[in-house]
Amino acid sequence: MAKEITPRSEDYSQWYLDIVHKARLADNSPVRGCMVIKPHGFAIWENMRDALDGMFKATGHVNAYFPLFIPKSFLSKEAAHVEGFAKECAVVTHYRLKNDPNGGGVIVDPEAKLEEELIVRPTSETIIWNTYRDWIQSYRDLPILLNQWANVVRWEMRTRPFLRTAEFLWQEGHTAHASADEAMAEAKLMLDVYAQFAEEYMAMPVIKGIKTPNERFAGADETFCIEALMQDGKALQAGTSHFLGQNFAKAFEVQFLNKENQQEYVWATSWGVSTRLIGGLIMTHSDDDGLVLPPRLAPTQVVIVPIPKPAPELTEAAEKITAALRAKGIRVKIDNDDQNRPGFKFAEYEMIGTPVRLGLGARDLAAGQVEVARRDTKEKSNVALDQVADYIENLLTEIQQNLFNKAKAYRDEHITRVDTWDEFVEVLDNKGGFVSAHWDGSTETELAIKEKTKATIRCIPVDNPLEDGVCILTGKPSTQRVLFAKAY
RNA sequence: CGGGGCGUAGCGCAGCCCGGUAGCGCACCUGCUUUGGGAGCAGGGGGUCCCAGGUUCGAAUCCUGGUGCCCCGACCA
């Protein structure tokens, strides 16, 4: 093996970075905390984006675009919001450069200082609600169901490709409603959309839940989330949906005239998922040989490798297979590169996560078959050429399902119920995963637990059963269990 | 911003202690032989040794000051 990936057992973080680089997903950039998303990584994002965009539209949403820059004064209008984001904002202070009179290249022109500084958006609630004020007069203008695909910047102290970068790509939905109930229903609906996307497309099982006040989005009355579990036992917040109450409507004076001819503040939601999902995808399925992609998101689902090298009769057979697969909507490519040998290509496609590989040589043609290798289990089988299209169509479905089942089995095995502090610490330190335990409901206790164990409350699962118990730390009475975990 | 480590070819590194022609592996280029699980041989190209100053006949190497990156903590989709 010429291009080794650090085994997970040796160094999980290094394994993750190796996958990102060796599967050609992203490169480091000259800018601290930012990354270059390479074509293969971006193709995965495009598939995610297209699937989500379709789901948003199917639930009545439309796309729009708001500016990258936000006037500084906007951010400060909602108290909790500014408190939450102020520490990680990039600020534009000048609008011009000039040649350094001392010959040191270009410098910021001190005469080109902005009257009001601009914030590079960390999220767009403020600029959008400032705009909604003009758009909303009456209940007839509601609801507004809007989404935007954009980049945002949060000046993080420590970054990791996809999981946490200073700039990232995401979508942010921003909706406006005439009633609290309707807004709450919207926030929950979008949570369901995210959960469905994670499980059906990413094959990543998620727990839908509610954040504690401490973990809530800055400016929200309620934050819903989907939480996934990575192979190293750490949790990943994969998406959030917020019921914003009337907080932003009040901050930006957005009122509407209701049917009773009374002025009322508008109710709001916002919801987002980001390129972080790619990090989750990697850490849910991949192995020590490289990336493993679920077929529904794989840029190429099937690759055909001529053996030992491209030849007219092999190409002819490969093209027939390709046509049959494309007719079924399967994304397939023929590798007609004649520089690298089959062994190299096999390893390469395993590295980049292509779900199915077909090996096609003279021997196969003579036998009227093709060698089918699946990435998830590494199993190979020989399939008759005239049946290969149906076989692969089923196989892709099976791989998708198998990846989900495997991830779900792992996740379910790593939800541990504990009732004592000693068990709690023991499970977090050794087994990892989610720990289901009683908590007295106070932020103080939540922070104390975080201080002692580094574990945070990931969520209170939706439809959580009520159950009398005592808090794991304080022994105070509790009415339900919550999910703790160490998290990304 | 605290604590640790590292800047030498596209990538990964050795050389530094003990100053004296800048090296190795991978990648790249050319040719031949290969080709059913990461090919072999031969030849070849590629460097402001992070920056600035100092010591010295001479600095990748020693000294001083910068600077960038990585890891560990506090913040986070």
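Below, chains carry the letters A, B, ... as their sequence lines are ordered, and counting in each starts from 1. Nothing here was measured: the structure is a model prediction, and the numbers come from that model.
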With sugar-phosphate meaning primed atoms plus P, OP1 and OP2, does [X] contact a base, only sugar-phosphate, or nothing at under 4.0 Å between heavy atoms?
X: R160(A); result: nothing
X: T165(A); result: base
X: N28(A); result: nothing
X: T240(A); result: nothing
X: Q237(A); result: sugar-phosphate
X: G272(A); result: nothing
X: L163(A); result: base
X: K380(A); result: base
X: F217(A); result: nothing
X: A238(A); result: nothing
X: K309(A); result: base
X: E350(A); result: base

Calculate the interatomic distance between [X] atom [atom1] and [N] atom [atom2]; express it in whole Å.
X: Y488(A); N: A77(B); atom1: OH; atom2: C1'; result: 15 Å
X: M35(A); N: C69(B); atom1: CE; atom2: P; result: 17 Å
X: E227(A); N: A77(B); atom1: CD; atom2: P; result: 10 Å
X: F344(A); N: G40(B); atom1: CZ; atom2: C1'; result: 16 Å
X: K454(A); N: A74(B); atom1: NZ; atom2: P; result: 5 Å
X: M202(A); N: A77(B); atom1: CE; atom2: P; result: 17 Å
X: F85(A); N: C75(B); atom1: CZ; atom2: C1'; result: 12 Å
X: L191(A); N: A77(B); atom1: CG; atom2: P; result: 15 Å

Watson-Crick or G-U wobble partner of [N], both distances under 3.5 Å:
N: G25(B); answer: C11(B)
N: G47(B); answer: none
N: G68(B); answer: C6(B)
N: A74(B); answer: none
N: C16(B); answer: none
N: C32(B); answer: G40(B)
N: A59(B); answer: none

I'd like the [atom1] distance from [M] over to [N], given in whole Å.
N: U33(B); M: A22(B); atom1: P; result: 39 Å
N: U48(B); M: C1(B); atom1: C1'; result: 34 Å
N: G68(B); M: G19(B); atom1: P; result: 32 Å
N: A14(B); M: C6(B); atom1: C1'; result: 15 Å
N: G4(B); M: G46(B); atom1: C1'; result: 35 Å
N: G3(B); M: A60(B); atom1: P; result: 31 Å
N: G5(B); M: C50(B); atom1: C1'; result: 16 Å
N: G10(B); M: A27(B); atom1: C1'; result: 7 Å

Q. Is the shortest side-chain N to carboxylate O distance from R375(A) to E350(A) below 4.0 Å?
A. no

Q) Knowing that exactly one of W155(A), F74(A), F217(A) qualifies, which makes a ring pair (Phe, Tyr, Trp, His ring centres under 6.0 Å) with F85(A)? A) F217(A)

Q. What nucleotide among C69(B), G38(B), G37(B) has an atom nearest to a side-chain atom of R357(A)?
A. G37(B)

Q: For the side chain of E348(A), starting at C-beta, report the closest nucleotide among G36(B), A77(B), G38(B).
A: G38(B)

**Q.** Toward the 5' end of RNA chain B, by each residue's nearest nucleotide, K450(A) or G361(A)
**A.** G361(A)

Q. F346(A) or M157(A): which one's nearest nucleotide on RNA chain B is closer to the 5' end?
A. F346(A)

Q | Side-chain donor/acceptor of D364(A) to base of G36(B), under 3.5 Å | A | yes

Q: Report yes if a side-chain nitrogen or oxygen of R363(A) is closer than 4.0 Å to either non-bridging phosphate oxygen (OP1 or OP2) of G36(B); otherwise report no.
A: no

Q: Examine G37(B): is either OP1 or OP2 under 4.0 Å from a nitrogen or oxygen in the side chain of R341(A)? Give yes or no.
A: no

**Q.** R296(A) charged N/C atom sitting above Y201(A) aromatic ring, 6.0 Å / 45°
**A.** yes

Q. So, do F168(A) and A77(B) meet the stacking rule of ring centres under 5.5 Å and planes under 30°?
A. yes

Tell me yes or no: between the side chains of [X] and [Y], is some donor less than 3.5 Å from an acceptor?
X: T377(A); Y: E379(A); result: yes
X: R49(A); Y: Q171(A); result: no
X: T93(A); Y: E117(A); result: no
X: D232(A); Y: Y488(A); result: yes

Q: Report yes or no: does Y194(A) contribute a side-chain atom to a donor-acceptor pair with the main-chain N or O of G272(A) at less than 3.5 Å?
A: yes

Q. So, W271(A) versus F56(A), ring centres under 6.0 angstrom or not?
A. yes

